Protein chains: 2
Amino acid sequence: MPQVNITVDINENIYLRDPLETDLGKRIIEHAILLLDEIGFEDLNFKKLAHHMKSTEASLYRYFENKYMLLAYLVAWYWDIMHFTLLMDIRNIKEPKKKLIRSVETLVNSLNESTTPSYIDQNKLHNIVVENAAKVYHTKKVDTLNKEGFYINYKKIVKTLSEIIREIDCDFKYPRALATNIIEQSLDSEYYLDHLPSLTDTQSRSTDSKNETVKMITYMLDRIL
Amino acid sequence: MPQVNITVDINENIYLRDPLETDLGKRIIEHAILLLDEIGFEDLNFKKLAHHMKSTEASLYRYFENKYMLLAYLVAWYWDIMHFTLLMDIRNIKEPKKKLIRSVETLVNSLNESTTPSYIDQNKLHNIVVENAAKVYHTKKVDTLNKEGFYINYKKIVKTLSEIIREIDCDFKYPRALATNIIEQSLDSEYYLDHLPSLTDTQSRSTDSKNETVKMITYMLDRIL
DNA sequence: TTACAGATAATAGTTTTACTATTACACGTA
DNA sequence: TACGTGTAATAGTAAAACTATTATCTGTAA
């Protein structure tokens with residue numbers, strides 16, 4: 001099977017050198033996902049990552065300014081692929097309401113294998129985004145980073161979702177806020193269920209929790225729209 | 001006017017030494033709020049904070065294990081006082097729906113002067129919580145911290161809000177998730193408006209944005225409940 | 001009033017993490 | 001095979017995180 005280079009559209013301000021252009025770069029992404037999932041962002045540093053992938057600290061600094069930029073890259077990547085997946089999943093659906101429900105399902109069920117290259121563990125990437133996305137958006141540097149286009153991928157998927165909402169109800173006053181809220185809930189509800197269950201209502205982890213989350217969000221949406 | 005010692009109910013696992021029991025401790029809280037608001041959590045360290053309050057690094061380490069614990073303390077403090085304020089604000093309201101609307105107003109409008117001691121800048125504390133609360137809840141150590149009771153204050157206010165929701169509709173299936181969602185929106189919507197306006201719908205910062213946020217949340221709640 | 005105990009804070013470090021200047025290597029081209 | 005270009009590794013420095021020890025302060029009892 002031929003190696004297909006996937007195209008991801010990520011702002012070049014995020015990295016120093018494009019990691020997808022070299023083997024070392026791809027290995028950085030691969031191992032960053034493995035190690036971040038394992039030890040978390042706070043405990044990650046470039047020394048550990050270098051050791052994990054049998055490279056050196058200095059090499060990592062050639063690709064990313066620091067670990068925040070590396071995280072920003074992974075999150076941007078996630079939203080880029082999620083946006084693509086979502087567009088694929090709804091492309092043949094005509095009815096706006098069905099489009100929205102399908103979008104929620106896609107968001108909650110995360111990425112599927114076919115859209116990510118083989119060196120990416122998409123479930124781990126999903127967990128990393130759930131655990132750390134807020135750290136990319138909540139920083140004193142938010143305005144600078146925003147100007148440099150760091151958040152474009154997230155904004156795009158919010159825009160797509162808000163347009164579906166407007167298709168359902170063109171007079172609805174808060175399409176963007178609702179879209180943002182849906183996306184955040186799709187990330188958070190599973191995390192809360194696993195770690196802070198008293199912040200949610202779904203009882204046990206044993207039943208299909210992803211499906212429960214979809215039901216909850218669509219229930220709320222049914223009433224709002 | 002006599003100095004009234006406010007009572008805050010914060011889990012003693014968060015700190016090494018109770019900062020409210022000494023003058024130095026209170027000064028740590030005071031200056032932590034000032035400096036965190038100014039430079040943000042990522043750029044904060046105990047050396048800078050010590051210099052800011054004309055103390056030493058070592059003294060800070062006697063009160064808090066590290067800057068994460070200091071942040072956790074401030075966030076717990078915020079929710080403790082917010083919970084108290086909320087209970088005060090709704091104590092004479094009989095009708096459940098009015099109770100909920102008033103709760104949203106309280107959450108969005110943040111704390112009022114009378115509930116915080118003089119050395120606390122409550123607006124800055126509010127900004128700190130908006131900017132950094134997610135960092136306290138999203139960490140690999142979440143399960144350990146949860147077991148030690150770090151999140152009790154947040155859980156309490158979610159519980160109170162969810163009970164109000166059940167008063168309105170005792171059959172509603174997702175009172176806790178909705179309560180959590182309301183609280184998160186009350187924090188986020190202003191932040192997005194200021195920094196990532198394309199994630200919201202309220203247009204300009206010039207009009208009363210807090211009021212706009214209340215209107216949006218109550219509009220959604222009206223449809224859901 | 002002073003000698004001592006107990007509590008608190010400051011000094012002066014060490015260890016770990018973050019970051020960078022420089023050197024070494026690999027590969028394609030003349 | 002000599003040389004330019006791109007890439008990675010070595011070997012550091014700078015800064016942040018953390019701690020062992022000493023100093024000071026306060027209250028109490030001889």
Side-chain angles (χ1 to χ4, degrees), chain A residues 5 12-32 35-36 38-74 119 132 135-136 139-141 144-145, chain B residues 5 12-32 35-36 38-74 119 132 135-136 139-141 144-145:
Chain A
N5 265 347
E12 61 178 25
N13 290 318
I14 297 185
Y15 50 79
L16 298 175
R17 182 188 307 274
D18 187 348
L20 296 187
E21 280 191 349
T22 65
D23 285 343
L24 182 68
K26 287 174 192 167
R27 283 184 3 95
I28 292 172
I29 304 308
E30 178 189 358
H31 286 269
L35 196 56
L36 262 174
E38 193 184 324
I39 66 176
F41 184 68
E42 280 69 30
D43 285 349
L44 180 85
N45 60 48
F46 277 9
K47 195 171 205 166
K48 285 181 191 169
L49 180 52
H51 184 255
H52 192 270
M53 59 187 287
K54 294 185 177 65
S55 177
T56 62
E57 240 184 305
S59 301
L60 300 179
Y61 279 105
R62 301 183 143 268
Y63 285 83
F64 295 101
E65 204 185 320
N66 51 49
K67 68 173 181 172
Y68 286 95
M69 298 298 114
L70 172 56
L71 177 63
Y73 183 89
L74 294 178
Y119 58 92
N132 302 296
K135 295 165 195 168
V136 177
T139 155
K140 274 283 172 214
K141 292 169 193 117
T144 315
L145 299 181
Chain B
N5 265 349
E12 61 180 25
N13 290 320
I14 297 185
Y15 50 79
L16 299 174
R17 184 188 305 276
D18 188 347
L20 295 186
E21 278 190 350
T22 65
D23 285 342
L24 183 68
K26 288 175 191 167
R27 284 186 359 99
I28 292 173
I29 305 308
E30 178 189 359
H31 286 269
L35 196 56
L36 262 174
E38 195 184 321
I39 66 175
F41 184 68
E42 280 70 29
D43 285 348
L44 181 85
N45 60 49
F46 277 8
K47 196 171 204 166
K48 285 182 191 168
L49 180 53
H51 184 255
H52 192 269
M53 60 186 285
K54 293 184 178 66
S55 177
T56 64
E57 240 185 306
S59 301
L60 299 180
Y61 279 103
R62 303 186 139 266
Y63 286 83
F64 296 100
E65 203 184 323
N66 52 48
K67 68 173 182 172
Y68 287 93
M69 297 299 116
L70 172 57
L71 178 64
Y73 182 89
L74 293 179
Y119 57 92
N132 302 296
K135 295 164 196 170
V136 176
T139 155
K140 274 283 172 216
K141 293 168 194 118
T144 315
L145 300 181

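Proteins come first, then strands; the chains are lettered A, B, ... in the order of their sequence lines, and each starts at number 1. Everything numeric here is computed off the predicted structure, so don't read it as measured data.
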Undergrad: Just the rounded figure in Å: distance from P of C:dT17 to CG of A:Leu49.
TA: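 Between P of C:dT17 and CG of A:Leu49: 14 Å.
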Undergrad: Tell me: OH of B:Tyr15 to P of C:dT8, nearest whole Å?
TA: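 It works out to 13 Å between those atoms.
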Undergrad: Are any of the side-chain heavy atoms of A:Met53 and A:Ile28 separated by less than 4.5 Å?
TA: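 With C-beta onward as the side chain, the pair touches.
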Undergrad: Nearest-Å distance, CZ (B:Phe46) to C1' (C:dG13)?
TA: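 Result: 19 Å.
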Undergrad: Distance check needed: C:dT16 C1' versus B:Lys47 NZ, whole Å only.
TA: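 Distance, rounded to whole Å: 14 Å.
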Undergrad: Tell me the interatomic distance from A:Phe64, atom CZ, to C:dA18, atom C1', rounded to whole angstroms.
TA: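 Distance check: A:Phe64 CZ to C:dA18 C1' gives 17 Å.
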Undergrad: Hey, could you give me the CG/OH distance between B:Leu24 and B:Tyr63, rounded to the nearest 0.5 Å?
TA: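 Answer for the CG-OH pair, B:Leu24 versus B:Tyr63, is 4.5 Å.
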Undergrad: Which whole-number value in Å describes the distance from A:Leu44 CG to C:dT16 P?
TA: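 In whole Å, C:dT16 P and A:Leu44 CG are 18 Å from each other.
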Undergrad: Return the set of residues passing side chain to side chain contact (heavy atoms under 4.5 Å, CB included) with A:His52 (not counting sequence neighbours), or none when no residue passes.
TA: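 Partners of A:His52 under the side chain to side chain contact (heavy atoms under 4.5 Å, CB included) test: A:His31, A:Leu34, A:Leu35, A:Glu38.
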Undergrad: Does a side-chain N or O of A:Tyr61 approach OP1 or OP2 of C:dT20 to a distance below 4.0 Å, or not?
TA: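 So the side-chain polar atoms of A:Tyr61 never come under 4.0 Å of the phosphate oxygens OP1 or OP2 of C:dT20.
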Undergrad: To the nearest Å, give me how far apart CD1 (B:Ile28) and C1' (C:dA10) are.
TA: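 So the two atoms are 13 Å apart, to the nearest Å.
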Undergrad: Once you round to the nearest 0.5 Å, how far does CD1 of A:Ile29 lie from CZ of A:Arg27?
TA: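 It is 12.0 Å, given to the nearest 0.5 Å.
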Undergrad: Show me the protein contacts with nucleotides 5-9 of chain D, counting only N or O atoms at under 3.5 Å.
TA:
unit_1	atom_1	unit_2	atom_2	d
D:dT7	OP2	A:Arg17	NH1	2.8
D:dA8	OP2	A:Tyr63	OH	3.2
D:dA8	N7	A:Arg62	NE	3.0
D:dA8	N7	A:Arg62	NH2	3.3
D:dA8	N6	A:Arg62	NH2	3.1
D:dA9	OP2	A:Ser55	OG	3.0
D:dA9	OP2	A:Thr56	OG1	3.3
D:dA9	OP2	A:Ser59	OG	2.7

Undergrad: Looking at residues at least two apart in the chain, or sitting in another chain, which of them share a side chain to side chain contact (heavy atoms under 4.5 Å, CB included) with A:Tyr68?
TA: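 In terms of side chain to side chain contact (heavy atoms under 4.5 Å, CB included), with neighbours along the sequence ignored, A:Tyr68 is linked to A:Phe41, A:Asn66, B:Glu42.
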Undergrad: Would A:Ile39 and A:Lys48 satisfy side-chain contact (heavy atoms from CB on, under 4.5 Å), going step by step from the backbone distance to the final call?
TA: CA-CA 10 Å; A:Ile39 66 176; A:Lys48 285 181 191 169; 4.0 Å; yes
Undergrad: On the nucleotide D:dA17, are OP1 or OP2 found under 4.0 Å from the side-chain N or O atoms that B:Asn66 carries?
TA: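 No, outside the criterion.
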Undergrad: Figure out the CD/P separation between B:Glu57 and D:dT21, and round it to whole Å.
TA: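 Atom-to-atom, B:Glu57 to D:dT21, this comes out as 18 Å.
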